[in-house]
Number of protein chains: 2
Amino acid sequence: MNKPAKQPANSNRSPCPVACTLDIVGDKWTLLVVRDLFSGKKTYSQFQNSPEKIPTNILADRLKRLVEQGIIDKQPYQSRPMRYEYLLTPKGKALGTVLKVMKEWGEEYLDGCHSATQGAVRK
Amino acid sequence: MNKPAKQPANSNRSPCPVACTLDIVGDKWTLLVVRDLFSGKKTYSQFQNSPEKIPTNILADRLKRLVEQGIIDKQPYQSRPMRYEYLLTPKGKALGTVLKVMKEWGEEYLDGCHSATQGAVRK
DNA sequence: CTATTGGCTTGCAATTTGCAAGTTAGTGGT
DNA sequence: ACCACTAACTTGCAAATTGCAAGCCAATAG
């Protein structure tokens with residue numbers, strides 16, 4: 001199967017891959033949505049029910065951007081009424097390592113944080 | 001040597017370690033400052049000279065926060081006039097894996113980004 | 001004394017975040 | 001046909017953050 005073409009980096013800043021990656025995921029909510037996808041969540045209301053209580057305008061915006069970036073796909077899972085679920089693409093799944101090392105860093109260096117099974121990241 | 005106590009997570013959101021980590025590094029500039037430290041930069045003007053041209057109010061703010069979080073130390077390197085350099089602590093060095101996997105993800109999935117030797121992350 | 005420098009701070013406009021309420025389309029039940 | 005309900009958003013607005021550009025400050029050299 002053909003590998004999809006690379007997305008343009010869209011960086012206003014530099015060609016550095018860290019900078020380009022941060023232009024996509026460098027905010028407080030995007031990687032949390034990806035975390036929830038890893039934990040099995042697929043629908044808008046499942047994301048809303050995460051413990052962080054993401055504001056709905058932010059959730060809708062981040063899902064839209066993640067689809068635009070090819071990190072997730074939006075697919076119908078029901079037709080009456082039409083409803084969509086969100087699924088990680090290979091590009092999205094590859095963010096699993098980012099989540100994993102952030103989780104490990106947080107557990108090692110930040111007090112008061114601990115993994116619930118709900119928030120756990122599996123690669 | 002005693003390991004410093006863990007920093008409080010300071011998360012307003014949840015005890016999830018990913019969320020707590022993102023409360024610290026979940027913006028577009030913080031990890032770029034840490035990247036520059038990995039590449040050997042130590043002083044304010046060296047950070048300013050990075051290709052991304054970080055705004056000076058943002059740079060000052062991020063350095064301050066990184067010191068507060070124990071991710072970097074501010075130490076004098078000259079006394080006339082007094083000048084300071086910034087050095088990664090073990091806590092900061094542990095972010096190297098985050099930078100490494102973000103770099104790899106960006107190189108794999110984002111077109112137009114490539115590592116300059118200047119921007120390279122070494123662990 | 002003046003000029004220069006590194007390391008910031010400041011004012012302000014633009015943008016983003018986030019609260020809270022509201023809207024929309026579609027369905028099920030009566 | 002109507003009403004109630006639901007999931008998935010959008011909207012208006014205030015607050016917060018970002019970022020531009022200029023300027024300031026303390027300390028030094030000459």
Side-chain angles (χ1 to χ4, degrees), chain A residues 10-14 16 19-34 36-37 40-69 72-87, chain B residues 10-14 16 19-34 36-37 40-69 72-87:
Chain A
N10 274 342
S11 175
N12 303 320
R13 298 193 289 171
S14 82
C16 166
C20 295
T21 299
L22 287 168
D23 285 338
I24 296 167
V25 301
D27 68 276
K28 289 181 168 58
W29 292 107
T30 300
L31 285 175
L32 285 195
V33 175
V34 176
D36 287 352
L37 284 149
K41 292 178 178 174
K42 296 179 175 176
T43 67
Y44 191 97
S45 55
Q46 288 174 333
F47 300 122
Q48 273 193 267
N49 283 338
S50 290
E52 295 86 9
K53 295 301 173 195
I54 184 170
T56 53
N57 56 321
I58 301 291
L59 175 55
D61 175 68
R62 298 300 188 265
L63 287 171
K64 178 173 179 291
R65 292 194 205 177
L66 286 166
V67 170
E68 285 168 351
Q69 289 292 332
I72 66 179
D73 276 334
K74 182 178 182 181
Q75 291 181 5
Y77 70 93
Q78 176 187 297
S79 58
R80 290 195 63 238
M82 183 67 77
R83 293 258 166 90
Y84 297 86
E85 64 187 359
Y86 296 92
L87 300 170
Chain B
N10 276 342
S11 177
N12 304 321
R13 298 192 287 171
S14 83
C16 165
C20 295
T21 299
L22 287 169
D23 285 339
I24 296 167
V25 300
D27 65 280
K28 291 182 165 59
W29 291 108
T30 300
L31 285 175
L32 285 194
V33 175
V34 175
D36 287 351
L37 284 148
K41 291 176 180 176
K42 296 181 174 176
T43 66
Y44 190 97
S45 54
Q46 290 175 330
F47 299 124
Q48 273 193 269
N49 285 337
S50 289
E52 295 87 8
K53 297 299 174 194
I54 185 170
T56 54
N57 56 321
I58 301 291
L59 174 55
D61 175 68
R62 296 302 187 265
L63 287 171
K64 178 173 178 291
R65 291 194 207 175
L66 287 166
V67 171
E68 284 167 353
Q69 288 292 331
I72 65 179
D73 277 333
K74 182 176 182 181
Q75 291 180 4
Y77 70 92
Q78 177 187 297
S79 59
R80 290 195 65 237
M82 183 66 77
R83 292 262 167 88
Y84 297 87
E85 64 186 0
Y86 296 92
L87 301 170

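So that the names make sense, note that chain A is the first sequence line, chain B the second, and so on, each numbered from 1.
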*Nearest whole angstrom, please: distance from the P of D:dA8 to the CD of A:Gln48.*
8 Å

_With B:Asp61 via side-chain hydrogen bond (donor to acceptor under 3.5 Å, both in side chains) - residues at least two apart_ = B:Arg65

*How would you list, by chain and number, every residue that makes a side-chain contact (heavy atoms from CB on, under 4.5 Å) with A:Lys42, sequence neighbours excluded?*
A:Gln46, A:Glu85, A:Leu87

_Please report the distance, rounded to the nearest Å, between OH in B:Tyr84 and C1' in C:dC8._
13 Å

_Pairing residues for B:Arg83 by the salt bridge (Lys or Arg N to Asp or Glu O under 4.0 Å) criterion, not counting sequence neighbours_ = none

_B:Lys41 NZ to C:dG7 P, straight-line distance once rounded to whole Å_ = 14 Å

*Just how far, in rounded Å, is P of C:dT16 from NZ of A:Lys64?*
12 Å

*asked:* I need the CD-C1' distance between A:Glu52 and C:dG18, as an integer number of Å.
replied: 15 Å

*Using the test salt bridge (Lys or Arg N to Asp or Glu O under 4.0 Å), find all partners of A:Lys53 that sit at least two apart in sequence or belong to another chain.*
none

*Taking only residues two or more places apart in sequence or in another chain, which ones pass side-chain contact (heavy atoms from CB on, under 4.5 Å) with A:Lys74?*
A:Val67, A:Tyr84, A:Tyr86

Enumerate the protein-to-nucleotides 2-6 of chain C contacts in which both atoms are nitrogen or oxygen and the separation is below 3.5 Å.
| residue | atom | partner | partner atom | Å |
| --- | --- | --- | --- | --- |
| C:dG6 | O4' | B:Arg83 | NH2 | 3.2 |

*Rounded to whole angstrom units, what separation is found between the CD atom of A:Gln75 and the C1' atom of D:dA8?*
18 Å

*Could you list the residues that satisfy side-chain contact (heavy atoms from CB on, under 4.5 Å) with B:Asp73, not counting sequence neighbours?*
B:Gln75, B:Thr89

*For atom CG of A:Leu63 and atom P of D:dT10, their distance in whole Å*: 11 Å

*side-chain hydrogen bond (donor to acceptor under 3.5 Å, both in side chains) partners for B:Gln48, two or more places apart*: none

*Find out whether B:Thr56 and B:Tyr44 are in side-chain contact, i.e. whether some heavy atom of one side chain is under 4.5 Å from a heavy atom of the other.*
yes

*Base, backbone or nothing for each nucleotide of nucleotides 18-30 of chain D, written B, S, -, heavy atoms under 4.0 angstrom, 5' to 3'?*
SBB-B----SSS-

